[in-house]
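Structure, as structure tokens:
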There are 2 protein chains.
Amino acid sequence: MSVINANTRFNSKLTSQCQNCSLSALCLPIALADEDVNRLDQIIERKRPLKKGELLFRQGQEFDSVFAVRTGTLKTFNITNTGEEQITGFYCPSELLGLSGIDNNTYPVSAKALETTTVCEIPFAHLEQLTAQIPSLKHQIFRLMSRKICDDQQMMVLLGKKNADEKVASFLMNLSHRFKKRGYSATSFRLSMSRSEIGNYLGLAVETVSRVMTRFQKNGLIDVDGKEITIVDLPEMEKLVGVVEECGKIEHA
Amino acid sequence: MSVINANTRFNSKLTSQCQNCSLSALCLPIALADEDVNRLDQIIERKRPLKKGELLFRQGQEFDSVFAVRTGTLKTFNITNTGEEQITGFYCPSELLGLSGIDNNTYPVSAKALETTTVCEIPFAHLEQLTAQIPSLKHQIFRLMSRKICDDQQMMVLLGKKNADEKVASFLMNLSHRFKKRGYSATSFRLSMSRSEIGNYLGLAVETVSRVMTRFQKNGLIDVDGKEITIVDLPEMEKLVGVVEECGKIEHA
DNA sequence: CGTCTTTTTGAGCGTTGTCAAAAGAGGTGG
DNA sequence: CCACCTCTTTTGACAACGCTCAAAAAGACG
């Protein structure tokens, strides 16, 4: 479980580029001119896949790059002084992680692959240079960071105000929305994280997560088969989510 | 309690400018050339003071500007679908708010003055233009947003993992650090928010906040006199804070 | 000085965490 | 391919932390 060398490229020539990447519409939801996409392409490094459990970067490590998930899932987490881990986020394909490292030039969290995962590495210094030439790229980065702030604040509402049922429902519906946006089923998907990781993330004990999910199934809200989740009663689940999810709900141009 | 007109300037010529502002070192912790500070100055509007309870901006309102607090304090909050408010942050002098509005071009939260408060309004479109001419300003904005992401994640750890004692201790120590950074006493300060607002922010009932503070006083950790707080046993308080506060602790250049 | 709000304090209850153990899933090697 | 081991998930019993309700005390404000 060592941090993989940031310089290790993986078959760079053969892997798809931004133009061909099915995620580009999500990853770059701006109308970049072809030449601009090319310029972006040139700074992006496509790394060898991470195996389950491998670290993409480590808390305290010098910040170099932000990463876009291509396939797989990652979690980011802190290690508290009592030695336990606190998960601060899960990252699905098309999503960007590492932005929190800009401030101190150090990653404040570690990022670990939950399954075999491929990412695009975007050296931030290069990206920042490029924003001087492509103003819309700059705006896009501002927006991505702003969005992250919104999302985290919704998470704060979840942690501070919601009970166990609402937390679990919100978590599942959040994943549902994210899968839907990527063109996957909004009602049927596979959890790449363990119950324990869900509980950790939601501020709940594992047992509580398990109990809530079982009860949801009994009540016909969802169907659980191990890590496979099917959302059966979408309206009722939405109702449980409750509080307005300002940032998550609104579709972005 | 209406939103004040964003165009209302307050005595713009007479109020201090960035060069003279005692907060500039915090507000602009970068070595901007004099001419650059001037350019920044020109886009900043200094608004008339907000009275306690007035809104600086309202959830759902179109995003125009970010704001730097000059004096006073603000809170940002969401209104949940059950009509209750969820406070997402408190803002002290030199701190910037409104960044979460960039993403949707809409403020996802409302901002309300907790006391008489003055702010500098920075129209974001102008600021963004200016970043094209001043790369270090652009970097500074990236850093500020990155910092906000770090801070919010620390807040997520607090809400998800800490008990009532640790939450209250963390809250007080966080304020202490912020006051210290601004040159005020780290051990003696005035809370501009009510117990109810603290509880709301920390995910605790008012009564719990009150009880914890009373107990802290009994145990010689702090001294409470209404809204006046004195931190008596700083090491013990730091110990209670517990988990590593990666972002908050490190001093920024 | 009276009224309204905020804060404090007390009592009792409920949700969720902890502990424990069984059941299930996944991985390894013979 | 099955047996075995380990890790994860589920389920149950119980306890505790923090919430709710209620009322008194202390401030704030006109």
Side-chain angles (χ1 to χ4, degrees), chain A residues 1 51-53 75 80 82 84-87 112 114-116 158-172 190-219 222-229 240 242, chain B residues 1 51-53 75 82 84-87 112-116 158-172 190-219 222-229 240 242:
Chain A
M1 306 244 186
K51 283 192 291 252
K52 178 174 175 171
K75 66 175 174 185
T80 69
T82 54
E84 49 185 357
E85 100 181 21
Q86 164 66 44
I87 297 172
K112 186 180 271 188
L114 296 180
E115 55 196 321
T116 303
L158 178 147
L159 291 167
K161 284 271 177 297
K162 295 185 182 181
N163 62 27
D165 284 13
E166 294 166 341
K167 282 181 180 181
V168 173
S170 301
F171 175 72
L172 294 175
R190 187 172 191 288
L191 299 175
S192 47
M193 64 293 290
S194 69
R195 301 287 191 273
S196 166
E197 287 168 323
I198 296 172
N200 182 306
Y201 180 59
L202 297 178
L204 294 173
V206 200
E207 296 93 331
T208 305
V209 175
S210 177
R211 274 186 258 265
V212 170
M213 285 193 167
T214 304
R215 187 153 34 77
F216 278 4
Q217 172 154 259
K218 270 195 190 116
N219 298 342
I222 63 175
D223 198 76
V224 185
D225 176 19
K227 295 197 175 298
E228 294 294 334
I229 299 287
L240 261 177
Chain B
M1 306 246 186
K51 282 191 292 248
K52 178 173 175 171
K75 65 175 174 185
T82 54
E84 48 183 357
E85 99 180 23
Q86 165 66 44
I87 297 172
K112 186 181 271 189
L114 296 180
E115 56 195 320
T116 302
L158 178 147
L159 291 167
K161 283 270 177 297
K162 296 185 182 182
N163 62 27
D165 284 13
E166 293 166 342
K167 283 182 179 180
V168 173
S170 300
F171 175 72
L172 294 175
R190 188 172 189 288
L191 300 174
S192 47
M193 65 292 289
S194 69
R195 300 286 191 273
S196 166
E197 287 168 322
I198 296 172
N200 183 306
Y201 179 60
L202 296 178
L204 294 173
V206 200
E207 296 93 327
T208 305
V209 176
S210 177
R211 274 186 257 266
V212 170
M213 285 192 167
T214 303
R215 187 154 33 77
F216 278 3
Q217 172 153 262
K218 269 194 192 118
N219 297 344
I222 62 175
D223 199 76
V224 185
D225 177 19
K227 296 196 174 300
E228 295 293 334
I229 299 288
L240 262 178

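Proteins come first, then strands; the chains are lettered A, B, ... in the order of their sequence lines, and each starts at number 1.
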Side-chain donor/acceptor of A:Lys161 to backbone N/O of B:Asn200, under 3.5 Å:
yes
Without decimals, in angstroms, what is the distance between B:Lys218 NZ and C:dT9 P?
6 Å
Could you check A:Lys167 against A:Asp225 and say which one's nearest nucleotide on DNA chain C is further toward the 5' end?
A:Lys167
Spacing between B:Lys161 atom NZ and C:dT16 atom P, to the nearest angstrom:
15 Å
Of the residues in residues 190-204 of chain B, which ones touch DNA chain D at a heavy-atom distance under 4.0 Å?
B:Gly203, B:Leu204
Show the distances under 3.5 angstrom between N or O atoms of the protein and N or O atoms of nucleotides 1-4 of chain C.
none

Between which nucleotides of DNA chain D, read 5' to 3', does contact with chain A run, using atoms under 4.0 Å from its heavy atoms?
D:dT9 to D:dA13
Reported OG1-to-CD1 distance for the pair B:Thr208 and B:Ile198, which is rounded to 0.5 angstrom:
12.5 Å
Please test B:Glu85 against B:Lys75 for salt bridge (charged side-chain N to carboxylate O under 4.0 Å, His left out), starting from the C-alpha separation and ending with a verdict.
CA-CA 11 Å; B:Glu85 99 180 23; B:Lys75 65 175 174 185; 2.7 Å; yes
Does OP1 or OP2 of C:dT7 have a side-chain N or O of B:Lys227 closer than 4.0 Å?
yes
A:Arg190/A:Glu228 salt bridge by N-O under 4.0 Å criterion:
yes
Which nucleotide in the list C:dT8, C:dA20, C:dA11 gets nearest to the side chain of A:Glu207?
C:dA20
